[in-house]
Peer 1: 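Take a look at the following structure, please.
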Amino acid sequence: VITAGTVSNPNGIGARVQITSALGSQIRDVRSGDGFRYMSSLTTHFGLGQDDAIANVTVKWPSGMVSSIDNPPINTTLRIVEGVNYAGVGAIPAEWIWGWLADRVGRRKIFMATVLTFSIATGFLALTPDHGWLYMSFFRFFVGFGVGGLYVVDLPLVQEYVPTRKRGMIGGLVTACIPIGTGLGAVFGAYLAPVIGWRGLFAAGLLPALLTLLVRAWVPESPRWLMRVGRPEEARKSLAWALHLNPADIVIPKVLPEPQ
C-alpha cells in the first residue's frame with residue numbers, strides 16, 4: 001500500500017494501514033527515520049498466506065481522516081490518497097446532473113439510468129488488471145456517479161405517488177435502504193469473498209442492472225411529473241396503477257397544485 005497524504009504530509013508518514021481478510025487483521029505503520037530498511041521505502045507490505053481476497057483496507061491518517069476501501073484487488077500495489085474517495089468524488093456532480101435530468105426527462109428513465117451506471121461500472125471492476133489503480137479509480141468514479149444520482153431520483157419517484165400524510169414515513173423507509181445495503185455489502189464481502197474472490201464480488205455488482213427490466217416493465221412514470229409536462233392521460237393511468245383503480249375513476253385536476 002502506497003500512502004499519499006494531502007493534509008498530513010506528502011508521504012503519509014505516521015498513518016496506520018490495516019487490512020482485513022479471512023486470515024484476520026494485519027496492521028502496518030508508515031514509518032521513516034528508523035534506519036535503512038524504513039528509509040528505503042515507505043510502502044507498506046502485507047502477506048495473505050492462503051487467502052485469495054481482502055475484505056477491507058483502512059488507513060487512519062495523522063490528520064484524523066480515515067480512508068476505507070472494500071474488496072480491493074490482491075497481488076498488486078494499492079495507492080490511497082488522503083481524503084479522496086473516488087466514488088465520493090463521482091457523487092458530487094451526480095447529485096446535480098441526475099436531478100436536473102430527472103426534472104426534464106422523467107424520474108423513471110433517469111432512475112434506470114443511474115442503476116445501469118453504477119451496476120455496469122461495478123462489473124468492469126472485476127476486470128481490474130494488476131497494478132491497475134488508475135483503472136479502478138476511473139470506474140469507482142462512475143460507481144459513485146451512479147449511486148449519487150440514485151439517491152436524488154428514487155426518493156421523488158416514490159414520494160410523488162404517496163399521499164402527503166405518508167411521505168415522511170415512506171421517505172424514511174426508502175432512505176433506510178441505504179445503510180441496510182451497506183451492511184449487506186459488508187456481510188457479502190466477509191463471507192463470499194473467500195468463496196468467489198474479489199473479482200466475483202465485483203461481477204455480482206452487475207445483478208442490480210436486472211432491476212431496470214422490472215422497472216421498465218412494471219413501474220410507470222411519476223404522475224406529478226407527467227402532469228407538469230402536460231401529459232394528463234398518462235398521469236391518470238399512472239395513478240390508477242398505484243391506487244389499483246380503473247383509470248376512468250381517477251379525476252385529474254386541470255391545474256397542478258403546488259406542494260404544501
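Numbering starts at 1 and runs along the sequence shown.
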Peer 1: With heavy-atom distances below 4.5 Å as the criterion, would you say the side chains of Ile19 and Leu48 are in contact?
Peer 2: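 Yes, at least one pair of side-chain atoms sits under 4.5 Å.
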Peer 1: Should Val215 and Val115 be marked as a side-chain contact (heavy atoms from CB on, under 4.5 Å) after you check the CA-CA gap, both sets of side-chain angles, and the distance that decides it?
Peer 2: CA-CA 11 Å; Val215 173; Val115 174; over 6 Å; no
Peer 1: Among residues at least two apart in sequence or on other chains, which ones pass side chain to side chain contact (heavy atoms under 4.5 Å, CB included) with Leu213?
Peer 2: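 Per chain and number, Leu213 pairs via side chain to side chain contact (heavy atoms under 4.5 Å, CB included) with Leu210.
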Peer 1: Parallel, tilted or perpendicular, judged at 30° and 60°: which one describes the rings of Tyr135 and Phe139?
Peer 2: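 Rings of Tyr135 and Phe139: tilted, as their planes differ by 30° to 60°.
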Peer 1: Arg108: what forms a salt bridge (Lys or Arg N to Asp or Glu O under 4.0 Å) with it, not counting sequence neighbours?
Peer 2: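 Not a single residue meets the salt bridge (Lys or Arg N to Asp or Glu O under 4.0 Å) criterion with Arg108.
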Peer 1: Should Met112 and Leu101 be counted in the same cluster of Ile, Leu, Val, Met, Phe, Trp and Tyr side chains packed under 4.5 Å apart?
Peer 2: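 Yes, same cluster.
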Peer 1: Tell me, please, which residues at least two apart from Phe118 pass ring pair (Phe, Tyr, Trp, His ring centres under 6.0 Å).
Peer 2: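 Here no residue qualifies.
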Peer 1: Please name the residue in the list Val153, Val158, Val219, Thr212 that meets the side-chain contact (heavy atoms from CB on, under 4.5 Å) test with Phe111.
Peer 2: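 Going through the options one by one, the only one that passes is Val153.
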Peer 1: Would you check if Val174 and Gln159 make a side-chain contact, meaning some heavy-atom pair closer than 4.5 Å?
Peer 2: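 No, side chains not in contact.
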Peer 1: Tell me every residue that passes ring pair (Phe, Tyr, Trp, His ring centres under 6.0 Å) with Phe46, counting only those two or more places apart in sequence or in another chain.
Peer 2: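 Scan of Phe46 (ring pair (Phe, Tyr, Trp, His ring centres under 6.0 Å), adjacent residues dropped) gives none.
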Peer 1: Closest approach of Trp98 and Gly149, non-hydrogen atoms and distance?
Peer 2: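 Nearest pair, atom of Trp98 first, then Gly149: CD1-CA, 3.1 Å.
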Peer 1: Do the side chains of Ile2 and Thr77 get nearer than 4.5 Å, heavy atoms only?
Peer 2: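 Yes, their side chains come closer than 4.5 Å.
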Peer 1: Take atom CZ in Arg199; do more than 12 heavy atoms of anything else shown fall under 6.0 Å from it?
Peer 2: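 Enclosed: over 12 neighbouring heavy atoms sit under 6.0 Å from CZ of Arg199.
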Peer 1: Just by distance, do the side chain of Ser21 and the backbone of Ala55 share a donor-acceptor pair under 3.5 Å?
Peer 2: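 The answer is no, because no donor-acceptor pair under 3.5 Å joins these two groups.
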Peer 1: Hey, what do you get for CG (Leu125) to CG (Leu201), rounding to the nearest 0.5 Å?
Peer 2: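 With rounding to 0.5 Å, CG (Leu125) is 11.5 Å from CG (Leu201).
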Peer 1: Which heavy atom in Trp61 sits nearest to a heavy atom in Gly12, and how many Å separate them?
Peer 2: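 Closest pair (atom of Trp61, atom of Gly12, distance): CZ3-CA, 3.9 Å.
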Peer 1: Any salt bridge (charged side-chain N to carboxylate O under 4.0 Å, His left out) pairs touching residues 234-244, not counting sequence neighbours?
Peer 2: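 Output for this query lists Arg231-Glu234, Glu233-Arg236.
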Peer 1: With a 4.5 Å heavy-atom cut-off, do Ile74 and Asp51 have their side chains touching?
Peer 2: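 No, every pair of side-chain atoms sits at 4.5 Å or beyond.
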Peer 1: What are the two closest non-hydrogen atoms of Ser68 and Asn56, and how far apart are they?
Peer 2: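 Nearest heavy atoms, Ser68 then Asn56: OG-ND2, 2.8 Å.
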Peer 1: Would Trp96 end up clustered with Val105 when hydrophobic side chains under 4.5 Å apart are linked, directly or stepwise?
Peer 2: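 Same cluster: Trp96 reaches Val105 through Ile, Leu, Val, Met, Phe, Trp or Tyr contacts under 4.5 Å.
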Peer 1: Measuring from Phe145:CZ to Arg140:CZ, what's the distance to the nearest 0.5 Å?
Peer 2: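 One gets 15.5 Å once the value is rounded to the nearest 0.5 Å.
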Peer 1: State plainly whether one hydrophobic cluster holds both Leu207 and Leu150, where clusters connect Ile, Leu, Val, Met, Phe, Trp and Tyr through side-chain heavy atoms under 4.5 angstrom apart.
Peer 2: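 Result: no, two separate clusters.
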Peer 1: Check salt bridge (Lys or Arg N to Asp or Glu O under 4.0 Å) between Arg28 and all other residues, then give those that pass, not counting sequence neighbours.
Peer 2: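 Applying salt bridge (Lys or Arg N to Asp or Glu O under 4.0 Å) to Arg28 gives none.
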Peer 1: Could you tell me which non-hydrogen atom of Pro223 sits nearest to which non-hydrogen atom of Ala235, and how far apart they are?
Peer 2: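 Heavy-atom minimum between the residues: O-CB, 3.6 Å.
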Peer 1: Do Leu211 and Ile110 belong to the same hydrophobic cluster, where Ile, Leu, Val, Met, Phe, Trp and Tyr are linked whenever their side-chain heavy atoms lie under 4.5 Å apart, directly or via other members?
Peer 2: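 Per the 4.5 Å side-chain linkage, Leu211 and Ile110 are co-clustered.
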Peer 1: With sequence neighbours excluded, what pairs up with Asp249 under the side chain to side chain contact (heavy atoms under 4.5 Å, CB included) test?
Peer 2: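 Here the qualifying residues are Asn246.
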Peer 1: Would you please name every residue forming a side chain to side chain donor-acceptor pair (under 3.5 Å) with Glu160, sequence neighbours left out?
Peer 2: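 Listed in chain order: Arg107, Ser222.
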Peer 1: With clusters built from Ile, Leu, Val, Met, Phe, Trp and Tyr whose side-chain heavy atoms come within less than 4.5 Å, directly or transitively, what are the remaining members of the cluster of Trp225, listed by chain and number?
Peer 2: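 Answer for Trp225: Leu226, Val229.
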Peer 1: Check whether Val143 and Leu127 end up in the same hydrophobic cluster, where Ile, Leu, Val, Met, Phe, Trp and Tyr are linked by side-chain heavy atoms less than 4.5 Å apart.
Peer 2: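 Per the 4.5 Å side-chain linkage, Val143 and Leu127 are co-clustered.
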Peer 1: Distance-only, no hydrogens or angles: does the Thr44 side chain make a donor-acceptor pair with backbone N or O of Val1 under 3.5 Å?
Peer 2: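 Answer holds: yes.
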Peer 1: Which atom pair, heavy atoms only, marks the closest approach of Ala126 to Ala203?
Peer 2: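 Looking at all heavy atoms of both residues, the closest pair is CB-N, 3.8 Å.
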Peer 1: Distance check, rounded to the nearest 0.5 Å: Leu206 atom CG versus Leu116 atom CG?
Peer 2: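 If I round to the nearest 0.5 Å, the distance is 10.5 Å.
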Peer 1: Hey, could you give me each pair passing side chain to side chain donor-acceptor pair (under 3.5 Å) that has a residue in residues 111-128? Not counting sequence neighbours.
Peer 2: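 Side chain to side chain donor-acceptor pair (under 3.5 Å) check on residues 111-128 returns no pairs.
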Peer 1: Kindly write out the residues that satisfy side chain to side chain donor-acceptor pair (under 3.5 Å) with Arg216, not counting sequence neighbours, or none if the list is empty.
Peer 2: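 Not a single residue meets the side chain to side chain donor-acceptor pair (under 3.5 Å) criterion with Arg216.
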Peer 1: For residues Gln18 and Ser25, report the shortest heavy-atom separation together with the two atoms involved.
Peer 2: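 Looking at all heavy atoms of both residues, the closest pair is NE2-OG, 3.7 Å.
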Peer 1: Side-chain contact test, heavy atoms from C-beta onward, threshold under 4.5 Å: evaluate it for Thr3 versus Leu42 and give yes or no.
Peer 2: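 No - every pair of side-chain heavy atoms lies 4.5 Å or more apart.
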Peer 1: Once ring pair (Phe, Tyr, Trp, His ring centres under 6.0 Å) is applied, do any residues pair with Tyr191, and if so which ones, sequence neighbours excluded?
Peer 2: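 So Tyr191 forms no ring pair (Phe, Tyr, Trp, His ring centres under 6.0 Å) with any residue.
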Peer 1: Between CG of Asp29 and CD1 of Ile13, what distance do you get to the nearest 0.5 Å?
Peer 2: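 Asp29 atom CG to Ile13 atom CD1 measures 12.0 Å (nearest 0.5 Å).
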Peer 1: Let me confirm one number: the CG-OG1 distance from Leu78 to Thr43, rounded to the nearest 0.5 Å.
Peer 2: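 Those atoms lie 11.0 Å apart.
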